[in-house]
Structure formats: C-alpha cells, structure tokens
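Sequence lines set the chain letters: A, B, ... in the order given, protein chains first and strands last, and positions in each chain run from 1.
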There are 2 protein chains.
Amino acid sequence: MGRNRATLADVARRAGLSKTAASMVLNGREGTRLSAEAHQRVFAAAEELGYRPNLAARSLRTRKTATIAFVSDIVATTRFAGDLIRGALDAARERDHVLLITETQGDATFEQYAIEAVLDRQVDGVIYAAMATRRLTVPAAILGGPVVLLNATSPDGLPSVVPDDEGAGRSVASALLELGHRDAIALIGRNRLKEDDPEVSLAARARLHGIQQTLDEAKVRLLAECFCTEWLPEHGYAAMRSLLSKPKRPSAIICMNDRLAFGAYQALGEAGLTVPEDISVISFDDDPIAAWLRPSLATTALPHEQMGRRAVELLLDGGAAEPSLVPMPLRRRRSLAPPAG
Amino acid sequence: MGRNRATLADVARRAGLSKTAASMVLNGREGTRLSAEAHQRVFAAAEELGYRPNLAARSLRTRKTATIAFVSDIVATTRFAGDLIRGALDAARERDHVLLITETQGDATFEQYAIEAVLDRQVDGVIYAAMATRRLTVPAAILGGPVVLLNATSPDGLPSVVPDDEGAGRSVASALLELGHRDAIALIGRNRLKEDDPEVSLAARARLHGIQQTLDEAKVRLLAECFCTEWLPEHGYAAMRSLLSKPKRPSAIICMNDRLAFGAYQALGEAGLTVPEDISVISFDDDPIAAWLRPSLATTALPHEQMGRRAVELLLDGGAAEPSLVPMPLRRRRSLAPPAG
DNA sequence: ATGCTCTGCTAAATCAGTTTAGCGACCACT
DNA sequence: AGTGGTCGCTAAACTGATTTAGCAGAGCAT
C-alpha cells in the first residue's frame, strides 16, 4: 500500500526550498514570512507530485492522528448500530477524521484488547457506545484522553449522548389523548428489570415516566399493563392475547418497542380485529418493520444517526458535560385513529 | 490520549541495555545473540513500566500499521452490514489487526475522500465491500496494495468473497420438491434489471438459475412467476394478491427475499389462508423478521459474518484469486409443509 | 605474539514529517 | 560606524520505533 509516494522532501526539492518552508506553506501557518512566490512554488510542486503527507510521520511528532476510536459493546446484533456508525462517520468526515471501530462483545478480555489496540494507535479520542441505552462505567485506561459516551451515561459525569426517551413517552401518550383515547389505553412491555436497573436499560424507565406523567396530567389511568420478560415479538403476541381475553377491550395499545408491536399485530390479526379501526397501536424505536407493517405503525424514532453525529461533535468540538438529549421524533402512521365508540 | 507512556528508550534504560537490544528482545528476533539474562531484564523492565510500543513510530519505519481499511458503499441502510463488519472485526482481532471503516454512500467525491484518508494512514490492505452482491470496478488508487472485494466481484480478477446464491436457489427448490410440491410452485420477485445487470445485482440471476436448474432436473415447471419492481414487502403483498386472484392456487411460494415473503404473509393473512397448511413459503436472506413471523419463515441465510471473516483471511493470509463462494445455509422453519392435496 | 572466529552487545542511520532557533541581507536610525 | 529591527528563509533537533553496521573482549589455533 502506498508505494513510492512523494515525500515532503521531494516537494521541497522541486520547489527549490527547504522542508521547513514546504511544511509551513502546506500547513497554512500564520505569521510565517514566506513570499507569495514561495507559496506558489510549493503548491505547484505538491500538486505536480500528487503529494500527500504521511500521517504516521506527522502524528509521531504532533501526537494527533485525525482518528477517532469507536468502541462499542455490540455492533452486529442490533440493526440500529449501523445508523449510529453512519452518523459518526459523516460527522467525522466533515472534520477530516476517520473512525477506528472495535467491538468488545461485552467480554472483558476483548474490551481490554480493544482499548489497548486503539490507544496504541494514538487515537485522538474515544466514543464509547452501548447498543442498549444504559448506564455503565468506562474502563480507566481510556480516561487519559477525550471520551464521549454514546447511548449511555456513566457515574463519572463524562459527556454523553442519549435519546430523549422520556420526551418520547410524552409524545406517545399525547398522541393518543389528542385522538380522544382516555379510559381504554393499555400498555405492553412493563419490565421490572429494565425499569429498575440502569445498567440494563435507561429507556424503559424514562419511557414509562413520560407516559405516566402525561396521562396523570390528563387525569387518565391505564386500563391495563402487561409485563414482558423480553421485548420480542412473541412477548408482544402473548401480551396482546391476554389483553383480548379480558372483558373490556382496549381502544389503544402502547407498546414499549416496535417488536412487541409486531407481535401485537399478529395477535390482533388472528383475533380478526383491524388496526386502527378496532384498536390503535403506537410504539417506540422506528424499527424498519414499523413502516412495512400493514397498516404502517406509528412510533417514535430512535435518532441514531443524529446521536452518532452528536457524539463526534461533542468529542471534537467540545461541549456540555451533562447528558445531551436527542429528541425522538414521532412518526405518525396509519395505526392511529380515534376510539371506535 | 496516551499521555506519558513509557518509550522503548525508557525500557532500555531501566534494563541497563541499548534500545537495539530492547527492540530485538521485545520483537522476539531470532538469530540474535542476546543473553538469557538480557532477555529477562528487558521483559521485566517492559512489564514494570507497562510499556506499549508507539505504533505510529513503528509503522513509520516498517510501513506496516496492523490496520485494515473497510471501505463500503453503504453500511447503514442495510441491516446486514453489521454482520459483515462483525465477522471482519473478529478475524482481524485474531490477527492483531484493527479496522478503519469508511463509507462512500455511492458518491464519487466521498469515495475519493475515503480512499485518500485510508491510504494516508498507510493501511496494510483494503476490503472493498458492497451491500448488495454485485459487480463493480474498484478505484485505481487502491490497487497499489492488497485488496479483497467483499460481497462483490470485479472484472479485474481481484480476490473476492460472495455468497453462494446459486446453491441457495438449489436448496430452496430441493426443499420444496422433497416435500412433494411439484406443479403448483410459484415464484415472487422476478426482476429483469436485477437479473440482467451484474452491476445492480448478482444475487437475482444466481438464485433464479439455481432454482430453475433444480426444477428442470425434476422436470417441474413453475406455476407462475411474478415480476416485482423492488424487493420490498409492498411488492410481495401485491404479487401474492395477484397470485391468489388466479384460478389455480399455488401450493408453495418461493420469494426472492424475506421482505417479499413478509408482504406475501400479509396478503395470505388477509385472504384467510394459513401457512403452511394452505400454502408453504420459502425464501432468501434470513432477515431477522424471518424468525419473528408467525409461522416462522424458512429461508436461506446470507452468511454475512462468515463472509466478513473470509475477506480478512484472504487479505492477510492470502488465498485464491477466483471468487470465494460462501454457502448459504437453509434454515428450515415452520412455513414448510407437504402440499394440501 | 598474531590472527581468527565467535559472542554479546551498541552507535548511528533511518522512516517522514513538525518545530525551534537562528542566519544573512537589507534598511533605518542615531 | 554601529546598532537594531524586519524580512525571507534554512539547519538541525525532535518524535519513537527498527535496522544496519560494527566494536570490544574472550577463546582458540598457529
């Protein structure tokens, strides 16, 4: 890779100047007193030789690599990881930086390895990303330089970027209230573990809080709440069936995520009920399936791309130390309608 | 990042030896005649100081960075990208390498930028990945060093890794034949553009070829073939409805991907038909939704993780120049049954 | 005593940049 | 004539590793 590239010395020689002069011109240093003609000659020589600086050599001296480490627990198993990475990639490119990506798979040995690997490469900063919004403690080794937490918070008060799940909870509840749903709203996806242990999830508690706050203000109580051990389609399916087996049928369902909603759709379909005429459904995440469902599913979008972008901005441009909340936009789709009655 | 790390000079000083000696010991150079005691002292000093080599300095001299560029057209929009990356990440870690990830978004300017960025960082090789299996021409700039194409082939005869779509086509057709389906198999997802332009897709043609070859051998002809402009759920839905409007109802459906199958499921549900009792469904990709559908969808899995892994192996360990075909395993699930009759 | 080989180690060059310190020429001022 | 300042530029040090070339001393044979 990169055989016989022109070096700075080549450029200087061709311009008839010293390496110092060439370096200063190419780096656009202020306060230097090189003539306009010298500038011309250097630029021309660099152009002709197709000169590109060797970043290894540069960073040896400057201790800057224009490289950011993106260390995450798991990139592959969630479909959202890509968006997080893409946002970070875009923002990094705009600032002439590049991303070194590693994955710890939640394994301490791998994490150790990943951190050494990136520190050895003198990265300018670390984005430490979690795939489920949660609280975590970052390894001490990376605290020597700039760190931003992505989709996570930490007790250390490090800068962090998280989605505004509480705001999303309010949006979801408000959307139903506006349509006239009041005394027959059911919730699918309560989960003690996710709600109570911030190291497992911050989203569950925040979403729930946003929903309840909004309903309380409207003096509305939930018709029913279903607990689910996981937030997967099969659990949404089971929860929906149990709701339908009760005497009073809900007019609207809030699902804690789209996969639960997908399961709920299946149960509704089997029961011969139609969305949204019989029951409205609204949810969280904006998983791609939300748009594919029939009818399309209203949901609040996890702004992953925005978040990835924000993390890079915080890292390179500096910013607030308190958690940076990224709004979750409501996607109004066809699964919403006023209550049937 | 990496404030006051111990340098090789520090280690040498503490061991009471020269940098040369320290370097040779730590790199485990053969043929050197340093005493056992010298070895001990260097190792001890390195250990005590927590020495880690500065890779920028090393690579300046050796022109090796232990870094691989992963350049892809689009990582975010497809959920599979993560698996490709994860496989590459794993294989890279096993070889003490790390991945520099960039995205071109199919934009020539971005591509130019991405390539310069990775070449400037002296990467040891480039994995050039496409998100849809297709043929492409790689930019000349990266041909100076090792390159492996991932999920793509090129006219240049570069080493490449692609899924065995033709084999998948044979698996799918065989699975139906084995169950006894013969004269009522329909296909959803024919598409001239995908089949005829290798720069758009290689998968469509190969899958179709595998299917037809197997059916031909069994002297079976397809009952019907539906053309779809895209392979999205809505197109599968429309195709399925049109099939059901015809006089002879199919006993089994082959969908060219899982998203089409998802749409087909929706149409079957609305028509009051059950899978697999009334109609079997089988498909390609093993998208996560395939396992979430009710009943779960039989499909052939795109072995993305394997492919990412193989690409790194080919790049670092060397290997065949002809395209490396990675098998697509058949996931037998509940959407298959013998024909009703 | 001389030359030779082998052992165990080191000085210095090298990679490709950035940065510090300073040089010579010219001009102005006293 | 001497001094000081500015202008336009350069030599050399420096970053932290690897690598080449070679040195001092011991052991042995001639």
Side-chain angles (χ1 to χ4, degrees), chain A residues 1-43 45-46 49-67 119-124, chain B residues 1-42 45-46 49-67 96 119-124:
Chain A
M1 221 85 251
R3 207 111 344 274
N4 44 358
R5 286 163 57 117
T7 70
L8 184 64
D10 297 330
V11 172
R13 196 171 316 119
R14 182 168 193 119
L17 288 165
S18 67
K19 282 200 310 176
T20 311
S23 170
M24 286 174 158
V25 168
L26 293 175
N27 290 315
R29 283 276 285 261
E30 305 281 317
T32 175
R33 295 169 309 210
L34 292 158
S35 64
E37 203 223 325
H39 276 78
Q40 296 299 337
R41 292 220 305 274
V42 170
F43 286 131
L49 297 173
Y51 171 71
R52 301 229 96 220
N54 179 325
L55 296 190
R58 170 180 290 170
S59 73
L60 180 54
R61 186 77 233 256
T62 61
R63 338 206 119 247
K64 298 237 157 291
T65 50
T67 301
L119 292 183
D120 288 353
R121 284 169 180 79
Q122 318 277 126
V123 295
D124 294 344
Chain B
M1 219 86 249
R3 212 122 332 284
N4 42 358
R5 287 162 55 119
T7 71
L8 184 64
D10 297 330
V11 172
R13 197 172 312 120
R14 183 171 192 118
L17 288 164
S18 68
K19 283 197 311 176
T20 310
S23 170
M24 287 174 156
V25 168
L26 292 175
N27 289 316
R29 284 277 285 259
E30 305 280 316
T32 175
R33 298 166 307 216
L34 291 159
S35 64
E37 204 222 323
H39 277 79
Q40 296 301 336
R41 292 220 305 275
V42 171
L49 296 174
Y51 171 71
R52 303 227 94 222
N54 178 326
L55 296 190
R58 170 180 290 170
S59 72
L60 179 56
R61 186 80 239 256
T62 61
R63 336 207 120 249
K64 297 238 157 292
T65 49
T67 302
D96 267 326
L119 292 183
D120 288 352
R121 285 169 182 79
Q122 318 278 124
V123 296
D124 294 343

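Here the C1' atom of nucleotide C/dA16 and the OH atom of A/Y51 are 7 Å apart, to the nearest Å. B/R5 has its CZ atom 11 Å from the P atom of D/dG16, to the nearest Å.
Listed nucleotides D/dC9, D/dT19, C/dC15 differ in distance to B/L60; the shortest reach to its side chain belongs to C/dC15. With D/dA17, D/dT15, D/dC9 as the choices, the nucleotide that has an atom nearest any side-chain atom of B/N54 turns out to be D/dA17. Relative to the side chain of A/R61, the nucleotides D/dT15, D/dT19, C/dA16 differ in distance, and D/dT15 lies closest. For A/R63, taking side-chain heavy atoms from C-beta onward, the closest of the listed nucleotides C/dA16, D/dA17, D/dG16 is D/dG16.
Between A/S35 and D/dC9, a side-chain N or O to OP1/OP2 separation shorter than 4.0 Å is present.
Atom CZ of residue A/R52 and atom CG of residue A/L8 lie 14.0 Å apart, to the nearest 0.5 angstrom.
Nucleic acid contact class of B/A56 (heavy atoms, under 4.0 Å, all strands): none.
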Any protein N or O atoms within reach of nucleotides 22-27 of chain C? Criterion: under 3.5 Å, listing atom names and distances.
none

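Judged as a salt bridge (Lys or Arg N to Asp or Glu O under 4.0 Å), and not counting sequence neighbours, the contacts of B/R14 are B/E48. When the side chain to side chain contact (heavy atoms under 4.5 Å, CB included) test is applied to A/N27, the partners found at least two apart in sequence or on another chain are A/S23, A/R29, A/R58.
Heavy-atom distances under 4.0 Å link DNA chain C to A/L8, A/K19, A/T20 of residues 8-20 of chain A, given in residue order. For the segment residues 21-30 of chain B, residues with any heavy atom less than 4.0 angstrom from an atom of DNA chain D are, sorted by number, B/S23, B/M24, B/N27, B/R29.
Comparing the end axes of the helix from C/dA1-D/dT30 to C/dT30-D/dA1, each fitted to five base pairs by superposing C1' atoms of four pairs onto the next four, gives an inter-axis angle of 90° (nearest 10 degrees).
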